[in-house]
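As the structure lists them, so they are numbered: ligands from 1, and atoms in each ligand from 1.
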Amino acid sequence: MNILVVGSGAMGSLFAGKLATQNVSVTMYNRPNEHTEQIKEKGLTLIEKNGERTHVSFPVITDPDELSNNYDLVIILVKSFATKNVLTTIRPVIHQDTIVLTLQNGLGNFENIQAFVPIDNICIGTTGSGAGIVANGVIEQRAFGKTHIGKNIIGKEKIKKLVSLLSSSGLETEMVDNIQSIIWSKLMINLAYNGITAITRLKNGDAVASSEGKQLMEQLVKEGMKVAEAEKVELLYEDPIKECIRIGYEDISANKSSMLTDILLERKTEIEQINGAIVHLGKKHGIPIPYNETITRLVKMIEESYEKRMTTAT
Ligand SMILES: NC(=O)C1=CN([C@@H]2O[C@H](COP(=O)(O)OP(=O)(O)OC[C@H]3O[C@@H](n4cnc5c(N)ncnc54)[C@H](OP(=O)(O)O)[C@@H]3O)[C@@H](O)[C@H]2O)C=CC1
Ligand SMILES: CC(C)(CO)C(=O)C(=O)O
């Protein structure tokens, strides 16, 4: 099976790197940048949970003209607001048998892909794993939750194989029926952690260990639960708030959230697709969403004014 991982950031590197430890053909595509060039020239170093380093090499493509025509499975791991842009570029190499899988956070990923790929070829998943780029060509896995991938009728055998490859690589993965539950249950975790950590610049574990942080998380998730109910989506967990807190301590504690990373690098964030999406749907259903609205506005404020930020007291 030929797999193309689109995105060489923290998660693209984690998934491509882990797959490369298995007996499967994996290629990575990203526009040129220093991290990508380093992987292309010298391979990728993966720092595991126990601190052990694994070094892997696989083909890395930065020029879309060099992409081949034989990818069975394409895994999208760019930020959700970049999906349309990247799919415009790689669309010519997606053929009628290619399955396109998103493991991105937030709402709207299916809709973004649908503009380029037939519905039957799209597969949706989420991942509770997380990583950070620690140097060009080096990533560290810092979150260790499960990956869930929705069933796909025409891509069934490919997805089954992927689930097995990922699980054997150490990324525990499961195929699931109710993908909406999975997307929304992951959304609850991102509602709780991403905005708060981006604003406070705390790691997930430090944010949840603060009693103020925990109370704020509860309110953010409560609003998300109300909207999920109005959207008639059943969440996976009996007590989503408790589960978000548990995950914060047990699975994702060491991770800098993807949104905090964006803020630290002074980049655009996925706030619109995460907390902002709940605000938008809350309005549609007439449900007040004050906590998520405040977090959304604060993150947008930071994002829009990096160059004006005070860094000294003098
Ligand atoms: N980081 C984490 O721990 C987790 C992240 N996620 C989710 O996974 C997804 C990916 O996140 P993450 O890996 O952190 O993101 P990163 O920002 O680390 O990586 C995104 C990559 O996409 C590339 N990219 C953006 N636009 C284009 C384009 N038009 N063409 C080619 N490449 C492009 C970027 O390149 P460039 O740098 O040159 O712009 C970058 O290499 C997100 O949806 C995120 O929410 C989910 C779980 C955990
Ligand atoms: C792993 C987790 C839940 C938190 O770090 C995440 O999805 C993110 O960082 O975006």
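Between atom 4 (C) of ligand 2 and the options Thr269, Asn204, Asp262, the minimum heavy-atom separation is to Asn204.
Scanning the protein heavy atoms around atom 6 (C) of ligand 2, the nearest turns out to be Asn190 ND2, 3.4 Å. Nearest protein neighbour of atom 9 (C) of ligand 1, counting heavy atoms only, is Val78 O, 3.8 Å. In terms of protein heavy-atom proximity, atom 9 (O) of ligand 2 is nearest to Ser258 N, 2.8 Å. Considering only non-hydrogen protein atoms, atom 46 (C) of ligand 1 sits nearest to Asn105 ND2, 3.2 Å. With hydrogens left out, the protein atom closest to atom 29 (N) of ligand 1 is Asn85 OD1, 3.3 Å, a heavy atom. Of all protein heavy atoms, the one closest to atom 43 (O) of ligand 1 is Glu270 OE2, 2.7 Å. Among protein heavy atoms, the minimum distance from atom 18 (O) of ligand 1 is reached at Ala10 N, 3.1 Å. In this structure, the protein non-hydrogen atom closest to atom 19 (O) of ligand 1 is Gly9 CA, 3.2 Å. Protein heavy atom in closest approach to atom 10 (C) of ligand 1: Leu77 O, 3.5 Å.
Polar contact with ligand 1: absent for Gly7 (N/O pair, distance under 3.5 Å). For ligand 2, the polar-atom distance check finds no N/O of Ser257 at less than 3.5 Å from any of the ligand's N/O atoms. For ligand 1, the polar-atom distance check against Arg31 finds a nitrogen or oxygen pair separated by under 3.5 Å. Ligand 2 has no nitrogen or oxygen under 3.5 angstrom from a nitrogen or oxygen of Ser129. Polar contact with ligand 1: present for Lys79 (N/O pair, distance under 3.5 Å). The shortest N or O to N or O distance between Lys256 and ligand 2 is not under 3.5 Å. Polar contact with ligand 1: present for Met11 (N/O pair, distance under 3.5 Å).
For ligand 1 and Gly130, the ligand atoms under 4.0 Å from any heavy atom of the residue are 3 (O), 48 (C). Using a 4.0 Å cut-off to heavy atoms of Ala131, the atoms of ligand 1 that qualify are 1 (N), 2 (C), 3 (O). Close contacts of ligand 2 with Lys186, meaning ligand atoms under 4.0 Å from a residue heavy atom, involve 3 (C), 6 (C), 7 (O). Within ligand 1, counting atoms from 1 as listed, the ones closer than 4.0 Å to a heavy atom of Asn30 are 21 (C), 22 (O), 23 (C), 32 (N), 34 (C), 35 (O), 38 (O), 40 (C), 41 (O). The atoms of ligand 1 that sit less than 4.0 Å from any heavy atom of Val86 are 28 (C), 30 (N), 31 (C). Residue Ile189 approaches ligand 2 through these ligand atoms, each under 4.0 Å from one of its heavy atoms: 3 (C). Of all atoms in ligand 1, listed by their number and element, those nearer than 4.0 Å to a heavy atom of Gln104 are 43 (O). Set against the non-hydrogen atoms of Asn105, the atoms of ligand 2 under 4.0 Å away are 6 (C), 7 (O), 8 (C), 10 (O). Every atom of ligand 1 is numbered from 1 in the order shown, and the set under 4.0 Å from a heavy atom of Ser129 is 47 (C), 48 (C). Close contacts between ligand 1 and Ser8 involve ligand atoms 41 (O) [criterion: under 4.0 Å to a heavy atom]. The contact set between ligand 1 and Ala82, taken as ligand atoms under 4.0 Å from a residue heavy atom, comprises 25 (C), 26 (N).
A salt bridge is absent between Glu303 and Arg267: the closest approach of a Lys/Arg side-chain nitrogen to an acidic carboxylate oxygen does not fall below 4.0 angstrom. Salt-bridge formation is detected for the pair Glu48/Lys18: a Lys NZ or Arg NE/NH1/NH2 atom is positioned less than 4.0 Å from an Asp or Glu carboxylate oxygen. A salt bridge links Arg246 with Asp251: at least one charged nitrogen is closer than 4.0 Å to a carboxylate oxygen. A salt bridge links Asp177 with Lys151; the closest basic N to acidic carboxylate O contact falls under 4.0 Å.
Of all the heavy atoms of Asn255, the ones lying under 4.0 Å from any atom of ligand 1 belong exclusively to the side chain. If you look at Asn33 next to ligand 1, the close heavy atoms, those under 4.0 Å, all belong to the side chain. Contacts between Arg267 and ligand 1 below 4.0 angstrom, taking non-hydrogen atoms only, involve the side chain exclusively. Residue Ser13 does not touch ligand 1, judged by heavy-atom distances below 4.0 Å. Only side-chain heavy atoms of Lys186 come within less than 4.0 Å of ligand 1; its backbone N, CA, C and O stay farther off. Under 4.0 angstrom from ligand 2, there are no non-hydrogen atoms of Ile247. Contact annotation for Ala143 and ligand 1: no heavy atom of the residue comes within less than 4.0 Å of the ligand.
Across Val208 and Tyr193, no two heavy atoms sit closer than the pair CG2-OH, 3.4 Å.
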Discussion item. Is there a side-chain contact (heavy atoms from CB on, under 4.5 Å) between Leu73 and Leu4? Walk through the geometry before answering.
Written reply: CA-CA 6 Å; Leu73 185 68; Leu4 178 69; over 6 Å; no
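Both cation-pi conditions hold for Lys49 and Phe144: the charged atom is under 6.0 angstrom from the six-membered ring centre and inside a 45 degree cone around its axis. Relative to the six-membered ring of Phe116, Lys84 misses at least one condition, a distance below 6.0 Å or an angle of at most 45° to the axis.
Annotation: side chain of Ile47 is in contact with side chain of Val134 (closest heavy-atom distance under 4.5 Å). Taking the side chain as every heavy atom from C-beta outward, Ile153 and Asp120 never approach each other to under 4.5 Å. Between Val74 and Ile90, the closest side-chain pair of non-hydrogen atoms falls below 4.5 Å.
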